[in-house]
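First the structure, in the form of structure tokens, and then the observations on it.
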Amino acid sequence: MEIISRVRSFGGEQLVCRHDSSSSTNTPMRFGVYLPPAAETGKVPVLWFLSGLTCTEANFTEKAGAQRLAAELGLMLVVPDTSPRGEAVADDAAYDLGQGAGFYLDASEAPWAAHFQMESWIATELQALVGARLPADTARQGIFGHSMGGHGALTLALRYPNQYASVSAFAPIAAPSQCPWGQKAFSAYLGADHARWRSHDACALINDGARVPQILVDQGAADQFLESQLKPELLRAACAKAGIALDLRMQEGYDHSYYFIASFIADHMRYHARILR
């Protein structure tokens with residue numbers, strides 16, 4: 001693990017790191033880490049944030065304003081990049097496929113399968129690296145994300161319930177099998193087998209028996225993607241049927257931007273901190 005940069009922030013440190021993925025993407029991969037002051041004296045709980053389409057690790061670390069509260073709550077923040085990158089990595093001219101749009105799954109179809117193994121990178125390879133090289137209490141981990149990253153947070157929490165004790169999301173793609181973003185990505189990465197699609201769709205996972213105790217979701221009511229791409233009403237219905245405690249908060253006047261995330265980031269971090277304690 002190489003530390004590209006480190007700066008002091010609220011008594012802790014904001015790092016940007018890189019490592020060579022050898023068991024998943026087979027590319028250099030970047031991720032951000034915030035170490036709170038408490039990490040200087042012992043291991044601390046870990047909160048993973050998964051970013052949305054076109055983002056890198058920098059969007060959240062620079063725009064969300066999360067470091068102050070992470071320092072207060074004693075939470076380590078880990079922010080992975082959204083895809084493998086580089087000249088040898090497959091890409092697409094559109095913003096919603098290819099580099100910057102990994103969808104947090106392991107691709108099975110050419111040309112994506114060679115590098116787009118994002119689920120394995122985050123849930124296994126990067127997980128092991130963080131546990132080995134950073135003061136991370138890996139017995140206490142939560143995960144949250146935005147948009148495509150909200151989809152990733154929900155699906156990884158449902159697929160790895162023993163790994164993530166808490167989950168929340170900002171404007172998640174709740175049912176990717178039923179929206180244009182998800183259908184395009186799943187067709188490219190997973191092919192025509194819709195059974196594989198279901199295993200990376202939060203609503204389908206819940207309908208098929210996957211469970212977490214509770215979920216917090218904030219959704220802007222003025223989000224331009226609300227009806228066409230995000231479909232939180234389908235998540236509400238799936239959770240109600242499954243008996244999962246979903247707190248779906250529709251926020252009037254808010255859109256899909258980081259102004260929205262920054263407005264409610266404190267609520268999410270306190271939610272995770274309560275559970276991880």
Side-chain angles (χ1 to χ4, degrees), residues 1-25 28-51 56-58 60-62 64-81 104 118-146 149 152-169 212-216 265-277:
M1 188 182 80
E2 175 189 2
I3 298 176
I4 300 171
S5 68
R6 62 195 313 158
V7 294
R8 203 74 175 155
S9 178
F10 299 105
E13 286 191 303
Q14 178 64 58
L15 312 180
V16 177
C17 305
R18 177 172 57 209
H19 82 112
D20 290 330
S21 167
S22 59
S23 62
S24 50
T25 70
M29 295 296 296
R30 289 169 58 110
F31 57 100
V33 177
Y34 178 71
L35 298 175
E40 296 179 3
T41 57
K43 294 185 176 182
V44 294
V46 185
L47 185 52
W48 298 74
F49 184 86
L50 305 185
S51 299
T56 71
E57 82 291 335
F60 179 80
T61 58
E62 295 175 4
Q67 290 88 347
R68 181 192 294 272
L69 194 56
E72 176 186 323
L73 297 172
L75 294 173
M76 179 188 302
L77 298 173
V78 179
V79 187
D81 199 353
Y104 303 105
M118 289 297 291
E119 177 180 346
S120 292
W121 178 56
I122 291 171
T124 303
E125 188 175 16
L126 186 56
Q127 167 77 32
L129 183 69
V130 166
R133 297 294 301 276
L134 295 167
D137 182 353
T138 55
R140 294 188 293 164
Q141 297 188 93
I143 190 166
F144 65 152
H146 171 232
L154 293 174
T155 57
L156 292 182
L158 289 162
R159 287 170 62 82
Y160 299 86
N162 295 324
Q163 187 160 310
Y164 305 106
S166 58
V167 58
S168 72
V212 293
Q214 57 188 305
I215 303 171
L216 170 64
I265 189 69
D267 291 352
H268 283 248
M269 293 178 68
R270 290 192 176 100
Y271 162 85
H272 287 278
R274 285 194 299 270
I275 296 171
L276 298 180
R277 287 197 186 107

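Every heavy atom of this structure was used, including side-chain atoms; hydrogens, water molecules and symmetry mates were not.
Under the 4.5 Å side-chain criterion, counting only non-hydrogen atoms from C-beta, Leu158 is in contact with Val212. Side-chain contact between Ile4 and Arg30 is present, with heavy atoms from C-beta onward closer than 4.5 Å. Taking the side chain as every heavy atom from C-beta outward, Met29 and Arg18 never approach each other to under 4.5 Å.
To the nearest 0.5 Å, atoms CD1 (Ile3) and CE (Met1) are separated by 4.5 Å. For the atom pair CG (Leu156) and OH (Tyr104), the distance works out to 9.0 Å, reported to the nearest 0.5 Å. For the atom pair CG of Leu216 and CZ of Arg270, the computed distance is 13.0 Å after rounding to the nearest 0.5 Å. Summarising the geometry, atom OG belonging to Ser168 is positioned 9.5 Å from atom CD1 belonging to Ile215; distances are rounded to the nearest 0.5 Å. To the nearest 0.5 angstrom, Met118 atom CE is 9.5 Å from Ser21 atom OG. Here CZ of Arg8 is found 9.5 Å from CG of Leu35. Values are rounded to the nearest 0.5 Å.
Not a single donor-acceptor pair under 3.5 Å links the side chain of Tyr164 to the backbone N or O of Leu47. With Thr124 contributing its side chain and Trp121 its backbone, the two residues share no donor-acceptor pair below 3.5 Å.
Here the closest heavy-atom approach between residue Ala64 and residue Ile265 is recorded as O-CG2, 3.6 Å. Taking each heavy atom of Glu40 and Gly11 in turn, the nearest pair found is OE2-O, 3.8 Å. In terms of heavy-atom proximity, Glu125 sits nearest to Ser23 at CD-OG, 3.2 Å.
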What donor-acceptor contacts under 3.5 angstrom involve side-chain atoms of residues 132-143, with partners at least two apart or in another chain?
residue: Asp137; atom: OD1; partner: Ala139; partner atom: N; Å: 3.2
residue: Asp137; atom: OD2; partner: Arg140; partner atom: NE; Å: 2.7
residue: Asp137; atom: OD2; partner: Arg140; partner atom: NH2; Å: 3.2
residue: Arg140; atom: NH1; partner: Leu276; partner atom: O; Å: 3.4
residue: Gln141; atom: OE1; partner: Trp48; partner atom: NE1; Å: 2.8
residue: Gln141; atom: OE1; partner: Gln127; partner atom: NE2; Å: 3.4
residue: Gln141; atom: NE2; partner: Gln127; partner atom: OE1; Å: 3.3
residue: Gln141; atom: NE2; partner: Thr138; partner atom: O; Å: 3.1

For a quick test of your reading: what N or O donor-acceptor pairs under 3.5 Å do the side chains of residues 65-74 make, sequence neighbours left out?
residue: Gln67; atom: NE2; partner: Gln14; partner atom: OE1; Å: 3.0
residue: Gln67; atom: NE2; partner: Thr61; partner atom: O; Å: 2.9

Derivation and outcome, side chain to side chain contact (heavy atoms under 4.5 Å, CB included), residues Met269 and Leu77:
CA-CA 10 Å; Met269 293 178 68; Leu77 298 173; 4.2 Å; yes
Checking side chain to side chain contact (heavy atoms under 4.5 Å, CB included) for the pair Phe60/Glu57: CA distance, chi angles, key distance, verdict?
CA-CA 6 Å; Phe60 179 80; Glu57 82 291 335; over 6 Å; no
